[in-house]
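Below is one structure, written out as structure tokens, with a few remarks after it.
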Amino acid sequence: MSVLRGVSLDVAPGEFVALLGSSGCGKTTLLRAISGFVPVARGAIRVGGRDITHLPPDRRDMAMVFQSYALWLHMTAAQNIAYGLRIRRWRRADIARRVDEILRMLKLEGLGDRPITRLSGGQSQRVALGRALAVNPQILLLDEPLSNLDARIREEVRHEIKAIQKSLGITAIHVTHHREETMIMADRIVILDAGRIAQVGSPEEVYNRPASPFVAAFMGAGNMIRLRVRASGDDLMIEPEPDNGPARIAVTHPARARLMPGPVTAYFRSEQAQLTAPDDVADDARDLVLKGRIVQAAYPGGFWRYGVDVGGQHFLVDDERRLEVGAPVGVRLPAHALHLYPDNGP
């Protein structure tokens with residue numbers, strides 16, 4: 001089990017927050033601590049000012065949708081949705097009305113009497129969500145509920161969950177390791193690394209202004225190259241070296257403002273790179289050009305994907321042109337696509 005270290009997080013009412021990270025980072029432990037399934041040794045969990053740290057799960061006014069759905073296979077869809085209401089001793093007529101309401105909301109009309117074993121994966125996921133929503137919880141907890149769905153159904157259901165969450169105004173906390181899913185569904189993203197919060201921000205903030213090399217790589221900017229910078233007025237200048245030309249970088253956020261002259265590490269996404277001539281330099285030097293050579297070519301359909309060697313490092317770059325293996329090329333990167341951090345060595 002991962003140990004959480006100094007985690008402090010506020011979630012606003014009606015907000016959709018995603019806990020994102022790789023396996024073992026602590027995201028599921030944090031979710032289960034919130035739900036009451038994992039005890040908290042230090043610190044406190046509060047909801048609306050009420051300390052619920054030591055309350056059992058059934059007294060926290062929360063509902064969870066599990067990765068495995070945890071549905072009763074001997075029950076129908078309607079019986080599963082009604083389960084929490086029966087435990088709370090709702091009247092039979094009220095249960096029937098609430099179940100019908102949930103079935104309509106989740107586009108499951110006509111399937112209430114169908115056994116769980118005769119539902120598709122997407123339908124089963126909706127039933128699990130319906131069971132959680134039926135009790136009208138204050139907080140909805142989602143433990144990777146879409147991971148068992150195929151890509152097409154997954155894309156459809158995540159939009160449905162987001163729409164339902166917004167229409168109900170319910171607070172949601174979602175655990176996932178799927179970056180695209182997080183970007184689409186969350187109002188804010190919490191990236192966890194080794195039990196600590198690495199960054200909290202909107203999808204746009206975390207994607208465009210990663211706070212550390214770890215966050216940059218995790219959010220898709222996995223390509224890395226070492227450069228040298230110096231101050232130039234209000235900007236930074238990338239100094240020309242054998243494997244790269246010069247470039248002027250605007251200091252647009254605090255991470256760049258903290259950079260000192262000298263070696264830095266730049267992270268970037270493959271989809272932001274373009275092939276050009278190796279000696280290409282923009283008139284205003286706002287793009288960085290890496291100097292390399294094509295060492296691999298493949299045609300996945302509609303474009304060519306090239307492996308480009310730059311000083312012993314390989315980068316993948318897509319281009320519509322057919323180019324020869326061995327040809328010298330430049331890898332052109334817009335300055336805004338570079339995430340720069342102090343170089344801490346190998």
- [ ] Verify, without hydrogens or angle tests, whether R60 (side chain) and I52 (backbone) share a donor-acceptor contact under 3.5 angstrom.
- [x] yes
Open item on the list: If you count heavy atoms of other groups shown closer than 6.0 angstrom to CD of E109, is the number above 12?
Closed with: yes
TODO: Hey, could you give me the CG/CG distance between N136 and D61, rounded to the nearest 0.5 Å?
DONE: 8.0 Å
Task: Other residues, nucleotides, ligands: >12 heavy atoms within 6.0 Å of E15 CD - done: yes
Task: Any side-chain heavy-atom pair of P57 and F37 under 4.5 Å - done: yes
Task: Interatomic distance, I34 atom CD1 to M64 atom CE [nearest 0.5 angstrom] - done: 8.5 Å
Task: For the student: nearest non-hydrogen atoms of D235 and R248, plus distance - done: OD2-CD, 3.2 Å
Task: Note, I81 side chain near V127 side chain (heavy atom, < 4.5 Å) - done: yes
- [ ] For D319 and Y306, run side chain to side chain contact (heavy atoms under 4.5 Å, CB included): C-alpha distance rounded to whole Å, both residues' side-chain angles, the deciding distance at 0.1 Å, then the answer.
- [x] CA-CA 8 Å; D319 197 286; Y306 295 103; 3.9 Å; yes
TODO: Evaluate the side-chain proximity of D243 to Q313: yes if any heavy-atom separation is below 4.5 Å, no if none is.
DONE: no
Open item on the list: Check for me, please, whether I184 and L146 land in the same ILVMFWY cluster - side-chain distances under 4.5 Å, paths through other members count.
Closed with: yes
TODO: Would you tell me whether H174 and E181 have side-chain atoms, one donor and one acceptor, within less than 3.5 Å of each other?
DONE: yes
Open item on the list: R188 vs D10, test: salt bridge (charged side-chain N to carboxylate O under 4.0 Å, His left out). Steps then yes/no.
Closed with: CA-CA 11 Å; R188 277 194 304 154; D10 292 324; over 6 Å; no
- [ ] Could you tell me the separation between the CD1 atom of I249 and the CG atom of D287, rounded to the nearest 0.5 Å?
- [x] 8.5 Å
- [ ] Answer yes or no: is there a donor N or O on one side and an acceptor on the other, between the side chain of R226 and the main chain of P263, under 3.5 Å?
- [x] no
Task: Shortest non-hydrogen contact between R126 and V157, atoms and distance - done: NH2-CG2, 4.0 Å
Task: Euclidean distance, S124 OG relative to L129 CG, rounded to 0.5 Å - done: 12.5 Å
TODO: Please determine which of L142, L140, I173 meets the side-chain contact (heavy atoms from CB on, under 4.5 Å) test together with F16.
DONE: L142
Open item on the list: As a test of understanding, state which of R98, R92, R97 forms a salt bridge (Lys or Arg N to Asp or Glu O under 4.0 Å) with D94.
Closed with: R97
Open item on the list: So for atom NZ, which belongs to K107, do other residues, nucleotides or ligands contribute more than 12 heavy atoms lying within a distance under 6.0 Å?
Closed with: no
Task: Nearest heavy-atom neighbours spanning A172 and Q165 - done: CB-CG, 3.9 Å
Task: Validation row: K162, D187 side chains within 4.5 angstrom (heavy atoms) - done: yes
Task: Heavy-atom pair with the smallest gap, counting every atom of G292 and V310 - done: CA-CG2, 4.0 Å
TODO: Could you please spell out the steps behind the side chain to side chain contact (heavy atoms under 4.5 Å, CB included) verdict for L106 and I164?
DONE: CA-CA 9 Å; L106 298 175; I164 290 170; 3.2 Å; yes
Open item on the list: Name the residue from Q67, K27, H178, H177 that meets the side chain to side chain donor-acceptor pair (under 3.5 Å) definition with E144.
Closed with: H177
Task: Side chains of L288 and F268 in contact at under 4.5 Å (non-hydrogen atoms) - done: no
Task: E239 backbone acceptor or donor facing N244 side chain under 3.5 Å - done: yes
Task: Rounded distance (nearest 0.5 Å) linking atom CG of L338 with atom CG of L227 - done: 7.5 Å
Open item on the list: Run the side chain to side chain contact (heavy atoms under 4.5 Å, CB included) test on L111 and L103 for me, step by step, so that the C-alpha distance in whole Å, both residues' side-chain angles and the decisive distance to 0.1 Å come before the verdict.
Closed with: CA-CA 8 Å; L111 299 179; L103 288 171; 5.7 Å; no
Task: Interatomic distance, E271 atom CD to D318 atom CG [nearest 0.5 angstrom] - done: 9.0 Å
Task: Taking every non-hydrogen atom, the tightest pair across P278 and K291 - done: O-CG, 3.4 Å
Task: Where A186 and I189 come nearest, the two heavy atoms and their spacing - done: CB-CG1, 4.1 Å
Open item on the list: If hydrophobic clusters are built by linking Ile, Leu, Val, Met, Phe, Trp and Tyr wherever their side-chain heavy atoms come under 4.5 Å apart, do Y83 and I116 end up in the same one?
Closed with: no
TODO: May I ask you to check whether Y207 and R269 show a side-chain donor-acceptor distance below 3.5 Å?
DONE: yes
Task: Side-chain donor or acceptor of T176 paired with backbone N/O of L20 under 3.5 Å - done: no
- [ ] Would you check if L192 and I197 make a side-chain contact, meaning some heavy-atom pair closer than 4.5 Å?
- [x] yes
Task: Same apolar cluster: L19 and M183, side chain cutoff 4.5 Å - done: no
Open item on the list: With heavy-atom distances below 4.5 Å as the criterion, would you say the side chains of I170 and P137 are in contact?
Closed with: yes
- [ ] Look at the side-chain heavy atoms of Ile, Leu, Val, Met, Phe, Trp and Tyr, link any pair under 4.5 Å apart, and say whether L73 and L108 land in one connected group.
- [x] yes
- [ ] Say whether, by atom type as modelled, one donor and one acceptor occur between the side chain of T171 and the main chain of I139 under 3.5 angstrom.
- [x] no
Task: Heavy-atom neighbours of D51 CG exceed 12 at 6.0 Å - done: yes
Open item on the list: Is it the case that the side chain of R86 and the backbone of A82 share a donor-acceptor pair, with hydrogens and angles ignored and the cut-off at 3.5 Å?
Closed with: no
TODO: Determine, stepwise, if the pair L85 / V135 fulfils side chain to side chain contact (heavy atoms under 4.5 Å, CB included).
DONE: CA-CA 6 Å; L85 302 176; V135 298; 4.1 Å; yes
Open item on the list: I'd like to know if W72 and W90 are part of one continuous hydrophobic network [Ile/Leu/Val/Met/Phe/Trp/Tyr, side-chain heavy atoms within less than 4.5 Å].
Closed with: no
Open item on the list: Atom CD of residue position E241 - does it have more than 12 heavy atoms of other residues, nucleotides or ligands inside 6.0 Å?
Closed with: yes
Open item on the list: Just checking R91: does its CZ atom have more than 12 heavy atoms from other residues, nucleotides or ligands closer to it than 6.0 angstrom?
Closed with: no
Task: Check: R131 side chain, A77 main-chain N or O, donor-acceptor pair, under 3.5 Å - done: no
Open item on the list: Using 30° and 60° as the class boundaries, would you call the ring planes of Y299 and W304 parallel, tilted or perpendicular?
Closed with: tilted
